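Hydrogens, waters and symmetry mates are skipped; everything else that's a heavy atom, side chains included, is used. Below, read A as the first sequence line, B as the second, and so on, with proteins coming before strands; counting in each chain starts at 1. The shown structure was predicted, so the numbers you read here are calculated from the model rather than taken from an experiment.
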Amino acid sequence: MIEIVAPGPYATVQDLGRPGYAHLGVPRSGAADAPSLRLANRLVGNPEGAAGIELTLGGARLRFLGGAWAAVTGAPCLIELVLSGRTTARGMNAPLWVPEGGEVRLAAPARGLRTYVAVRGGLDTPMTLGSRSTDSLCGLGPSPLRAGTVLPVGPVTGLPALVVDAAPPPETPPDVLRVLSGPRDDWFVPGATAALCARPYLVTPDSNRVGVRLSGTPLRRARARELPSEGMVAGAVQVPPDGQPIVFLADHPPTGGYPVIAVVAPACLSVAAQLRPGDRVRFHARPG
Amino acid sequence: MIRRAGEHALLVETGGLEVSHRLDALLRASRPARVAEIVPGPETVLVVAPGADRPALESLLSRLLEAARAPALRPVPPGAKVTIPVVYDGADLGDVAALSGLSPEEVVERHTGRELVAGWLGFAPGFAYLTGLDPSLYVPRLTTPRTSVPAGAVAIAGPYSAIYPSASPGGWRLLGRSPVTVWDTGADPPALLAPGTRVRFEAVAGP
């Protein structure tokens with residue numbers, strides 16, 4: 001079991017979410033930066049979809065009530081292991097043995113937003129609709145983690161042996177989001193996709209797991225009527241009437257009524273999920 | 001027309017809700033490979049299929065869309081029928097009557113007098129936009145939404161009616177309440193109403 005001594009600014013349990021329920025109004029949810037959670041799970045021999053902790057801007061302290069292998073991925077932060085009063089530094093992207101009673105302290109990341117902690121055996125919290133994820137949009141799954149929350153860890157029997165010492169540190173991805181135009185680029189004035197890609201946008205503080213909210217060149221609509229509600233995908237660049245785009249992340253609503261000018265490439269969703277308020281990001285359109 | 005919605009999804013324009021529902025049913029019956037989500041809307045169906053063979057999926061969707069547009073050739077069974085008992089004692093019943101120039105009794109008659117169809121779901125898990133409302137009941141949303149509307153509240157706004165599946169903020173006008181559970185994460189499926197479900201409201205005496 002793991003006790004949350006301090007959760008940092010915002011921390012939740014996440015796995016790979018609840019696919020298959022969008023037509024019933026249920027967001028997919030799951031880790032915002034899914035490749036980072038998958039990597040953390042691989043490092044400790046878990047199935048890639050096991051539940052871990054998603055931290056926002058680090059700042060967490062986790063006490064291990066039993067010894068366990070853990071791995072930390074995503075937004076890079078300093079890691080310390082405190083055991084019997086002694087503090088030692090530990091590394092990201094590598095299996096890390098935490099003895100019983102050990103406390104893992106994660107500092108605020110220097111860049112990026114979301115850091116993931118996987119534990120061998122996976123977090124064994126209750127499931128809702130087949131997932132342990134906290135859905136911040138509609139409140140499915142457990143509440144965000146608080147000081148004092150205790151998270152059970154699943155059994156490790158039958159898991160493959162740990163075979164990796166460390167994953168190569170991921171390259172610092174450029175702050176560029178590749179997009180495919182549409183499906184509603186024709187709702188905007190000619191040249192709007194070019195305008196989206198011309199200058200960087202600033203990430204605003206009201207960004208969250210639902211979406212990255214941006215501020216920059218407004219995107220002007222060519223049609224005044226309202227778009228009938230339609231299905232939305234992760235990575236959709238939705239444009240409300242004020243013309244400032246929002247990039248949908250894991251907890252995005254499954255349907256929406258604002259036109260989507262372009263969709264971020266799935267390979268760039270991690271980059272989007274790691275953008276923090278104050279960052280600047282560019283879009284790059286490529287032919288379909 | 002079939003539009004791309006990123007690398008993993010296609011957005012099929014159906015032009016209308018009935019065709020959306022027929023296409024949705026045909027897709028669910030045929031379950032093409034790699035399809036993860038099928039999301040009908042008033043004029044579209046979104047098909048999310050990571051890793052699918054896109055040209056093959058696109059041609060399948062074109063064929064199914066054609067079939068969905070010719071219901072006489074390929075009838076799709078209509079959606080399930082559900083009767084929803086309602087205690088018509090909602091806080092906005094009087095205002096709705098005033099806005100529509102009807103008596104509260106007439107509002108209830110018109111709300112129960114037609115079969116509605118769940119068009120699509122959104123806003124919250126299990127929240128179905130019920131279409132087919134009597135046009136005399138079209139009223140605007142509240143100018144200031146309520147901070148909390150209880151689960152089971154039966155409401156209208158614009159051309160739609162709905163049953164709040166769980167307690168949430170809400171700006172629709174409340175006509176009454178239903179004891180029926182429309183959203184239960186322990187049930188399979190968790191939502192009582194799916195796109196295409198036919199709904200009849202029935203007035204009952206309340207406790």
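Residue B:Glu37 comes nearest to A:Arg18 through the heavy atom pair OE2-O, 4.4 Å, listed as atom of the first residue, atom of the second, then distance. Minimum interatomic distance between A:Pro266 and B:His8 (heavy atoms only, all atoms of both residues): CG-CE1, 3.4 Å. A pairwise comparison of heavy atoms in B:Gly122 and A:Thr255 identifies CA-OG1, 3.6 Å as the closest pair. Residues A:Leu24 and B:Pro189 come closest through the heavy atom pair CD1-CB, 4.4 Å.
Of the possible polar contacts, none joining the A:Glu230 side chain to the B:Thr44 backbone as a donor-acceptor pair under 3.5 Å is found. Listed for the B:Glu7 side chain is no donor-acceptor partner under 3.5 Å among the backbone atoms of A:Ala265.
Looking at A:Leu140, the atoms closer than 4.5 Å to chain B (heavy atoms on both sides) all sit in the side chain, from C-beta outward. B:Ala5 touches chain A through backbone and side chain together, each having a heavy atom under 4.5 Å away. For B:Thr185, the parts lying under 4.5 angstrom from a heavy atom of chain A are both the backbone and the side chain. Interface residue B:Leu11: only side-chain heavy atoms are found under 4.5 Å from chain A. Proximity to chain B (any heavy atom under 4.5 Å) is shown, for A:Pro253, by neither the backbone nor the side chain. At a 4.5 Å heavy-atom cutoff, the contact between B:Ala36 and chain A is made by backbone atoms alone. Both the backbone and the side chain of B:Leu121 have a heavy atom closer than 4.5 Å to some heavy atom of chain A. Proximity to chain A (any heavy atom under 4.5 Å) is restricted, for B:Leu193, to the backbone atoms N, CA, C and O. Interface residue A:Ser229: backbone and side-chain heavy atoms are both found under 4.5 Å from chain B.
Here the side chains of A:Pro183 and B:Arg4 are not in contact, with every heavy-atom distance at 4.5 Å or above.
Between chain A and the residues B:Ala128, B:Gly41, B:Gly6, B:Pro125, the most heavy-atom pairs under 4.5 angstrom are made by B:Pro125.
Within a 6.0 Å radius of CZ in A:Arg220, other residues, nucleotides and ligands contribute 12 heavy atoms or fewer.
A salt bridge does not link A:Arg184 to B:Glu43: none of the charged nitrogens lies less than 4.0 Å from a carboxylate oxygen. A salt bridge links B:Arg3 with A:Asp186: the closest approach of a Lys/Arg side-chain nitrogen to an acidic carboxylate oxygen falls below 4.0 angstrom.
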